[in-house]
Participant: 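Dropping the structure in here first, questions after.
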Amino acid sequence: MTLLVDIDCPDCGRSEPVRKVGIGTYRCGECGREFTESDVLPS
């Protein structure tokens with residue numbers, strides 16, 4: 001199953017849906033970077 005989530009990519013800033021590829025892991029469709037929730041959530 002594929003889940004698309006609205007999270008801005010920390011690299012390219014794309015603000016369209018990103019693909020969830022694992023528990024708390026996402027892949028940007030624009031630049032291909034994989035990142036986690038901790039990369040985008042405020043600390």
Side-chain angles (χ1 to χ4, degrees):
M1 175 188 342
T2 300
L3 178 65
L4 297 177
V5 183
D6 283 331
I7 298 175
D8 293 349
C9 174
D11 263 4
C12 70
R14 180 181 177 179
S15 59
E16 296 179 22
V18 294
R19 186 175 309 272
K20 186 168 185 173
V21 293
I23 298 174
T25 305
Y26 306 91
R27 179 178 298 131
C28 177
E30 183 69 27
C31 68
R33 177 172 184 229
E34 286 192 11
F35 55 93
T36 64
E37 291 175 350
S38 63
D39 293 328
V40 295
L41 295 177
S43 50

Participant: Which heavy atom of Glu37 sits nearest to which heavy atom of Tyr26, and what is that distance?
Facilitator: OE2-OH, 2.9 Å
Participant: Apply side chain to side chain donor-acceptor pair (under 3.5 Å) to Glu30 and list each qualifying residue two or more places apart in sequence or on a separate chain.
Facilitator: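 Listed in chain order: nothing, the list is empty.
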Participant: Quick check: closest heavy atoms across Ile7 and Val40, and the distance to 0.1 Å?
Facilitator: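 So the minimum-distance heavy-atom pair works out to CG2-CG2, 3.6 Å.
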Participant: Arg14: what forms a salt bridge (charged side-chain N to carboxylate O under 4.0 Å, His left out) with it, not counting sequence neighbours?
Facilitator: Glu16
Participant: Return the set of residues passing salt bridge (charged side-chain N to carboxylate O under 4.0 Å, His left out) with Asp39 (not counting sequence neighbours), or none when no residue passes.
Facilitator: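 Partners of Asp39 under the salt bridge (charged side-chain N to carboxylate O under 4.0 Å, His left out) test: Arg33.
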Participant: In the structure I gave you, are the side-chain heavy atoms of Thr25 and Phe35 within less than 4.5 Å of one another anywhere?
Facilitator: no
Participant: Once rounded to the nearest 0.5 Å, what's the spacing between atom CZ of Arg27 and atom CD of Glu34?
Facilitator: 4.0 Å
